[in-house]
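This one's a predicted model, so the numbers in the text were calculated from it and none came from an experiment. Lettering of chains follows the sequences in order, A, B, ..., and the numbering in each one begins at 1.
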Number of protein chains: 4
Amino acid sequence: MTIRHKSFASDNNSGAHAEVVQAIAAANVGDAAAYGDDQWTAAAAEQLTAAFGASGAFFVFSGTAANVLGISLLLRPYEAVICAESSHLHVDECGAAERVLGCKLLTVATPDGKLTPELIGPRLAGRGDEHRVQPRVVEIAQVTEVGTCYSLAELRRLRDFCDSAGLCLFMDGARLANAAAYLECDLADLAADVDVLTFGGTKNGAVAGEAVIVMRDGLIADVRFLRKQQMQLGSKMRFISAQFTALLEDKLWLRSAQHANAMARRLADAVADVPCVTLCYPVQSNAVFASLTPDHVTTLQRDWSFSSSNTTESIVRWMTAFDTSEEDVDAFSDAIRATAPVGAAR
Amino acid sequence: MTIRHKSFASDNNSGAHAEVVQAIAAANVGDAAAYGDDQWTAAAAEQLTAAFGASGAFFVFSGTAANVLGISLLLRPYEAVICAESSHLHVDECGAAERVLGCKLLTVATPDGKLTPELIGPRLAGRGDEHRVQPRVVEIAQVTEVGTCYSLAELRRLRDFCDSAGLCLFMDGARLANAAAYLECDLADLAADVDVLTFGGTKNGAVAGEAVIVMRDGLIADVRFLRKQQMQLGSKMRFISAQFTALLEDKLWLRSAQHANAMARRLADAVADVPCVTLCYPVQSNAVFASLTPDHVTTLQRDWSFSSSNTTESIVRWMTAFDTSEEDVDAFSDAIRATAPVGAAR
Amino acid sequence: MTIRHKSFASDNNSGAHAEVVQAIAAANVGDAAAYGDDQWTAAAAEQLTAAFGASGAFFVFSGTAANVLGISLLLRPYEAVICAESSHLHVDECGAAERVLGCKLLTVATPDGKLTPELIGPRLAGRGDEHRVQPRVVEIAQVTEVGTCYSLAELRRLRDFCDSAGLCLFMDGARLANAAAYLECDLADLAADVDVLTFGGTKNGAVAGEAVIVMRDGLIADVRFLRKQQMQLGSKMRFISAQFTALLEDKLWLRSAQHANAMARRLADAVADVPCVTLCYPVQSNAVFASLTPDHVTTLQRDWSFSSSNTTESIVRWMTAFDTSEEDVDAFSDAIRATAPVGAAR
Amino acid sequence: MTIRHKSFASDNNSGAHAEVVQAIAAANVGDAAAYGDDQWTAAAAEQLTAAFGASGAFFVFSGTAANVLGISLLLRPYEAVICAESSHLHVDECGAAERVLGCKLLTVATPDGKLTPELIGPRLAGRGDEHRVQPRVVEIAQVTEVGTCYSLAELRRLRDFCDSAGLCLFMDGARLANAAAYLECDLADLAADVDVLTFGGTKNGAVAGEAVIVMRDGLIADVRFLRKQQMQLGSKMRFISAQFTALLEDKLWLRSAQHANAMARRLADAVADVPCVTLCYPVQSNAVFASLTPDHVTTLQRDWSFSSSNTTESIVRWMTAFDTSEEDVDAFSDAIRATAPVGAAR
């Protein structure tokens, strides 16, 4: 598949940040103990633990794995996860949670990808009834799958609800950096109200690697065993860890996310008045969702790479990344405008 | 953990081959479609498919994952895997097969890590009996966990047995390169008699990455879904694939394995006449297993890094790697000799 | 919990039909081979196979188990089940399918508990996409969980849709007898369009026991192993089988279901004009769902046993059974009328 | 399969005790709340709880299910079960533990079906090593699969070992009644040193039904949910429970077991001096294991029903039951003697 222009399909289409690749090369010096018993891993885990105010940080290979491992710390076999119908966990992980954890996901339709106490409440019916799975974990994504962010107040409110309802709170942070950039807060602020979260590297300039951040001491003991059993223990771990140290160096993770967010904002602003292009959600990260006419989508996709909804052809997702330039955005927004239906009223 | 000398603990303690790291950097050019729909992955998969005479090649993150994914192609829920008691699958994967596949491993004690028809036969009792799991896959490691290799004739004999007994044959090739080097044969020769095998990158100079090689067309359709569900689909796949292209370039994989094997041979030869050091198995790869006195082990481990058996303190494993030098071996063998019990009869 | 009147809570609250208990006693004569290799089991399985025009019939202990075993015959690990949001499989089996089969259930909201091609269609999005579970089985209940029945034409239409879409059709027949009674058709008619179904004994007068009916020869080989692995192989199987022979004798199953259905019809008719009592669904089996005022429900439940919805207090379910008498129904409908809100408009 | 004489194949070949069948009929009186919320279940559970000095008692359908449910109370996902190589759990449950619990069974060869601290010890290697499953439960069968019993002192010693090693102790009591009869002790004595055990009904005169006895309060909360998820919740539970009340009435369970044991003793004594018949294990329950010549086995099995080892043809198992008569035993022992090789030396 040839990509003629900068891809707006996914932040995964980008390469890695040069500093990350350099860090891999720099870690390639002689021997190191395998399976994470090395100095790079110790350093990166310590840095993350400090940045999040966490109990521990553990590296895995992929975002799906980070979600599954993180949730597995919180769940007994008959317990269930409440998540948004649009969640990556439910939609895009090929049933990994059901297969590996054997748990049920109780999905909730949301207007904007975000769960609220009001949306969660009805899913708690049947507690104590042995015929029903017992809800135990609320899973949220920060940034959500539609590019929106939970405010710190919304997180706090979810936490209070979870506390009162005997629930745990898990956060899929594949794009947590973008949330921190948008909310202008620390990683520790984002993590303060959850039990376990993930911190994505791959979508923010890493080659491969995600971190599972554990916020409660009591959950630490199981992690290493579950990680190995879930096939996520890297033998030459230093090459994963070193990427995170690079991302944390001078907050490269934040600078990259700020840039990606700015590019999404720039794109959204540029197309706001294009006929028959309607933004679907507030732009709060590096994603722009818009409604276009099907013909418009077809025309644009001849030259540009981006996703359109499987079920509703006219909803598109435009992602920016650390390496999306202003020129890329401007060329793309020009193309959107140039190919827009003329004189059409939708 | 500081390592003062070259580690003989594991080929995982080595860094990556410089050419592999360069290949990662070289792949970091602009955008590429995610999840393996990129040119690097297409090229590496094609190269591997050709080299093995296979139906397809698929990349995953770790050796444990490669084993689980490969076996999952062959097994129905009530079917079982026959494997050596010493197999990595059984001993060192924290029960991943049981957890992810839900299958039973039927273990067989072996003198040298190798299964034979005679050893497998008794495990077939109970076929057709609904109270028993039904043996379906024979799992072998090439190189075995004790460093021995199956000859091509032995593989053929296992294949014939499997055919006659309605069994599939799966090969854990985490160190397949070392077997090819020892047996002086092609990868296709090693693969000819199995249904699915793995081809290890990490232990042979990669940063991270293993390949699952599928030898039968009928098994291909499931792989991509199972890989994703088993949390082994890399988003920026090109950085895994590019490593394999580097390993295949001018048979870097073979040269590295030949060197590692030669270093093991050199070590074995050098210590053959050291008092109270007895080689346990024929040296057919990059591993030397030896029996030492417990005191000798303790003394040596003050300065040198290597594994000793958990259950029988005096059995040690010395691994060499692509980056083990003759000087490393000589210094180590000198140390073994210098610290050996004097005048002792064991 | 004391039950003062005939329970309308569930057909499970009834005891067993006297003929079923007598059949158990009659089977208690001397020795018989265990695990189903006995004459009672052979006879009952043969009778069921003939009645359904099936490839085979297999006994298990519970309805949940029958569903899980039946579906397990049709599903590969990454494949999913499409079912109604209201399905017993999804709501009332404590996640057994997810735990034992590791599969995802893709739920569909329905107006009347029934799936249609139009409702199923949108759930097929994402086929061929490795990030998504792949829909493979459509699960329907006949009678549905809200007491409605699929007509034979509706079943045929579902079958055609499944064929065209590469899907299998599984039918939860916990109350299949009631459907046959309502539709006035043979068991073979009900089964003709599905791949696997269950035939419930317990809700229709048995002590304990359900049958899994397999309609395709190619699915038979796995059943016995999966049944044992799923912990559903009875050792003294004759005592399960004999119950089914009793149910099949002179179509006791049908007579019982006809009676239960008639009692539900009688109840529905009797309350049709009670103020503030609104029937929710057409009465097509032994269940009557109605909407009542919350106060009315509370008052009635002081003396009468029946279920009210966990989420919407004012929806009630009234079940009749083989042993519900006209007097029971009349007393209950009198009570409903007597306690109804006076002069209220809802 | 016609059985001409009393079967010595399994205590499962017997029918049910007449009092058990009568209890089922007696429980068939009007309505009762489903799923165990009935007076029969309350009574039987209370009786069992008292008899065992337990925290709770829960009914399931089969022995395999009782084992899996019981063990599931004690195990986290990466933890393993240590059991005898000959254990029913490992050999005869078609991998239910691996499938449903996802756990590894670490098997130990034993001379007499019994585990000891000395035999368990080596299986604890690798604790704390994330590559290894972590042993957590020791599973024993009382009576063992070869008919032997643990003495109370042996149980106490295992308990002390488990306590010192951080292990739980689970007991498969499918034939616990026979152990109590042999050891002349109370059920509470047998249960005192374990965490969870099962109490078999089916092999001791029940139609179908086993009990899971939980000895620690902290384990109770999960049971009901896990039982349902594991497809073991009977809807008309009273018909299971009533069987146990019948078995407990005037210690029918004990009288039946005493009789069965006496019949095994009688058989063993009668054949002790038959040429070429060698008892393999001490006779401590209702099982007699013997070594015969293959020809002798073949001849005997023409007329008599019993098991012979799949792997070693000449080891036979003769089981007695509550309904085995002295005449049955005498006729069988006469037949054994009459068909024995004449003048043969083995």
List for me each residue that meets salt bridge (charged side-chain N to carboxylate O under 4.0 Å, His left out) alongside D/Glu145, sequence neighbours excluded, and say none if there are none.
none

Give the intermediate values and the outcome of side chain to side chain donor-acceptor pair (under 3.5 Å) for residues D/Asp31 and C/Ser7.
CA-CA 7 Å; D/Asp31 286 350; C/Ser7 170; 4.5 Å; no

Ring centroids only, cut at 6.0 angstrom: are C/Trp318 and C/Phe332 within range, meaning strictly under it?
yes

Tell me yes or no: between the side chains of C/Thr64 and C/Asn67, is some donor less than 3.5 Å from an acceptor?
no

Do you know which of D/Ala34, D/Ala208, D/Ser62, D/Ala16 has the most heavy-atom pairs under 4.5 Å to chain C?
D/Ala16

Between D/Val21, D/Val29, D/Val68, D/Asn28, who has the most heavy-atom pairs with chain C when the cutoff is under 4.5 Å?
D/Asn28

D/Ser10, part contacting chain C, at a heavy-atom distance under 4.5 Å:
neither

What class does the angle between the rings of C/Phe199 and C/Trp253 fall in, given that below 30° is parallel, 30 to 60° is tilted and above 60° is perpendicular?
perpendicular

Below 30° counts as parallel, above 60° as perpendicular, anything between as tilted: where do the rings of D/His5 and D/Trp304 land?
parallel

Pairing residues for D/Asp323 by the salt bridge (charged side-chain N to carboxylate O under 4.0 Å, His left out) criterion, not counting sequence neighbours
D/Lys6

Quick one: salt bridge (charged side-chain N to carboxylate O under 4.0 Å, His left out) partners of D/Lys203, sequence neighbours excluded?
none

Is chain D contacted by the side chain of C/Ala9, its backbone, both, or neither, given a heavy-atom distance below 4.5 Å?
neither

Does the side chain of C/Arg175 reach to within under 4.5 Å of the side chain of C/Asn286, using non-hydrogen atoms?
yes

Specify which of D/Ala321, D/Ala65, D/Ala97 makes the most heavy-atom pairs with chain C at under 4.5 Å.
D/Ala65

Taking every heavy-atom pair that is under 4.5 Å apart, which of D/Ser14, D/Gly95, D/Gly102, D/Ala206 has the most such pairs with chain C?
D/Ser14

Do any of residues 221-237 of chain D have a heavy atom less than 4.5 Å from a heavy atom of chain C, and if so, which, in residue order?
D/Phe225, D/Lys228, D/Gln229, D/Gln230, D/Met231, D/Gln232, D/Leu233, D/Ser235, D/Lys236

